[in-house]
Undergrad: 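Sending over a structure as C-alpha cells; questions will come in a sec.
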Amino acid sequence: MIKPPASARKPGSALLDWYDAHRRVLPWRAAAGERADPYAVWLSEIMLQQTTVATVKGYFERFLTRWPTVEALAAAPLEDVLAQWAGLGYYARARNLHACAVMVARAHGGRFPQDETELMALPGVGPYTAAAISAIAFDRPCAAVDGNVERVATRLHAIEAPVRQAKPLIRAKVEEMLPDARAGDFAQALMDLGATVCTPRTPDCGACPLASGCVAFRAGAAERFPVKEKKADRPKRRGAIFILQRGAQTLVTRRPPKGLFGGMSAFPATPLTRDVAPEEWLRFAPCEAQWRALPEPVAHVFTHFALTATVFIAQTKASPQLAPDCRWAAGRDLGKEGLPALMRKAALAAGLSMD
DNA sequence: CATCCGTGGGG
DNA sequence: TCCCCAAGGAT
C-alpha cells in the first residue's frame, strides 16, 4: 500500500511513522503490534510519575518479579511494598499503589477498568495516568498529557501562557491530534518524541516529524517553550538523625502514615520538615545515651527544602525505654530495611554496611 | 488551588 | 556549585 506524502496527512500519522522507526524499547512496553499487560502499564506509570526512565527500570523489574499480578501485590503487606519502593521517592505513590491493587483485586475482580473516568477513581491515578493506562493498555483514544506532551504541544502552537494556565488549551490541542487508530502507540509516540527529540534544552528539530507544522520551530524559538513560572526558592533546614546500636542491631522507627517518608522505616530524627536549631537536637533523641556527632553532616535536597542533617551515633547495652514505634533491626538486615535515600546516606556516613 | 511530597543525573 | 528537571497526584 502506498502512503501519501506525510505533508498531506494528519500530523498524528507522521508521528506514528516516526514512532515505528524510533520507538524506545522499555521493559513495560509491549512489542510492536501487541497489547501491553494493564498491570504492567499501571505499575510503570505510577513509578514514572516525576521519575526518570533510567531510575524506574530496576524497580519495575524487581516489582514485577516479586509481584507478577495485581492480586499478588494486593496480598502483600504494605510494609513490604514500601520497602521495595525505598529510594524511589514520593512514597505516597507506594501507599496508593498498594491501596489501588487492593481495590482492583477486590472491587474489580482483578481487572483494571478501561474507562478513563473509572481509572481516575483509583488511588494514585490522576488525569494523566488514567489517560495513559486507557490508551496504552486498552487502545482508547485518550489524551495523556504529561510534561513531555506539554512541551511538544506548547512548541507546536507557540503557546505563550505559562503551562499552569494553559493546561486546558494544551489538552484540547492534543485531543485534536488523536488518530483514528493506534491510540496507545500515539500516546507513547508523543512521549517518546518529547523525551528524545523535543527535549527541554536543545531540541533536535531537524529530526522531528512534526517540525513542518511547528510554530515555535518556524519562529526559531523552540527552546523558549514551554513558558515557565518562577520557582520559589528552596529554604534551608537543619536537623539531626540518631543511629543507636545495640551490639549488631540498629534502632529504626516506623514513620507516621502520612507526610515526609510516610509509612517508611527510618532512623529517629528531628522533625525534618522544620528547621531545628542545634541546641534542640538532643531533645529528639530516642533515648539517653552518649551521643556523638559525626564531623560532617549529611546534605539532602528535597523538592521544597534543602536539609543539612547532623548524624549522631551511640551504643547501648541495656534496653532503654523507647517509643512504641521503635524496633531493633539486625545489622545484616539493615540493607533490607527499605530506608529512604536520606537515611541510607546517614547509615553510610556512620559506617554501617548497607549491602 | 498552591503546597506538599524524593531522588539522581545532566548541563 | 547550582539549577533544572522526570511519564503527577492528593489535599
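Heavy-atom basis, side chains included; hydrogens, waters and symmetry copies ignored. Just so we're on the same page: letters track the sequence lines, and every chain starts at 1.
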Undergrad: Rounded to whole angstroms, how far apart are CD on E223(A) and P on dG11(B)?
TA: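 About 15 Å, once rounded to whole Å.
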Undergrad: Among dT7(B), dG10(B), dC4(B), find the nucleotide with the atom closest to the side chain of R201(A).
TA: dG10(B)
Undergrad: Heavy atoms under 4.0 Å, any strand shown: does L307(A) hit a base, just sugar-phosphate, or nothing?
TA: nothing
Undergrad: Let me see the working for W281(A) and F242(A) under ring-ring contact (aromatic ring centres under 6.0 Å, His included), right down to the final yes or no.
TA: CA-CA 10 Å; W281(A) 287 346; F242(A) 300 96; 8.6 Å; no
Undergrad: Answer yes or no: does a side-chain N or O of H304(A) lie under 4.0 Å from OP1 or OP2 of dC4(B)?
TA: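 So the side chain of H304(A) is outside the cut-off, no N or O lying under 4.0 Å from OP1 or OP2 of dC4(B).
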Undergrad: Does this structure show an ion pair linking D80(A) with K336(A), if we count only N-O contacts that are shorter than 4.0 Å?
TA: no
Undergrad: If the cut-off is 4.0 Å, is R344(A) near the phosphate of dT7(B), judged by side-chain N/O to OP1 or OP2?
TA: no
Undergrad: Provide, to the nearest angstrom, the distance between the CZ atom belonging to R237(A) and the C1' atom belonging to dC5(B).
TA: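 Rounded to the whole Å, the gap is 12 Å.
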Undergrad: P atom, dA6(C) versus dC5(B): distance in rounded Å?
TA: 23 Å
Undergrad: Taking NZ, NE, NH1 and NH2 as the nitrogens, is one of them in E175(A) or R171(A) under 4.0 Å from a carboxylate oxygen of the other?
TA: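 A salt bridge links E175(A) with R171(A).
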Undergrad: What's the CG-P distance between L272(A) and dC4(B), to the nearest Å?
TA: 15 Å
Undergrad: Using the ring-ring contact (aromatic ring centres under 6.0 Å, His included) rule, collect all pairs that involve residues 42-62 of chain A, keeping only residues at least two apart or in two chains.
TA: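 Pairs touching residues 42-62 of chain A that pass the test: W28(A)-F60(A), Y39(A)-W42(A), W42(A)-F112(A).
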Undergrad: Please report the distance, rounded to the nearest Å, between CZ in F302(A) and P in dC5(B).
TA: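 Taking CZ of F302(A) and P of dC5(B), I get 9 Å after rounding.
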Undergrad: Round to a whole Å and report the spacing from CG of L82(A) to P of dG6(B).
TA: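 Those two atoms, CG and P, are 11 Å apart.
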Undergrad: Whole Å only: how far is the NZ atom of K230(A) from the P atom of dT3(B)?
TA: 14 Å
Undergrad: Under 4.0 Å, heavy atoms only, any strand: does G262(A) hit a base, just the sugar-phosphate, or nothing?
TA: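 Here G262(A) touches no strand at all.
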Undergrad: Taking atom P in both dG6(B) and dT11(C), what distance in whole Å separates the two?
TA: 14 Å
Undergrad: Can you tell me if the side-chain N/O atoms of H300(A) get under 4.0 Å from OP1 or OP2 in dG6(B)?
TA: no
Undergrad: Distances for protein N/O vs nucleotides 8-11 of chain C N/O pairs under 3.5 angstrom?
TA:
| from | atom 1 | to | atom 2 | distance (Å) |
| --- | --- | --- | --- | --- |
| dG8(C) | OP1 | G147(A) | N | 3.3 |
| dG8(C) | OP2 | Q50(A) | N | 2.7 |
| dG8(C) | OP2 | Q50(A) | NE2 | 3.1 |
| dG8(C) | O5' | Q50(A) | N | 3.4 |
| dG8(C) | O5' | Q50(A) | NE2 | 3.4 |
| dG9(C) | OP1 | G126(A) | N | 3.0 |
| dG9(C) | OP1 | G126(A) | O | 3.4 |
| dG9(C) | OP1 | T129(A) | N | 2.9 |
| dG9(C) | OP1 | T129(A) | OG1 | 2.6 |
| dG9(C) | OP2 | Y128(A) | N | 3.3 |
| dA10(C) | OP1 | G124(A) | N | 2.7 |

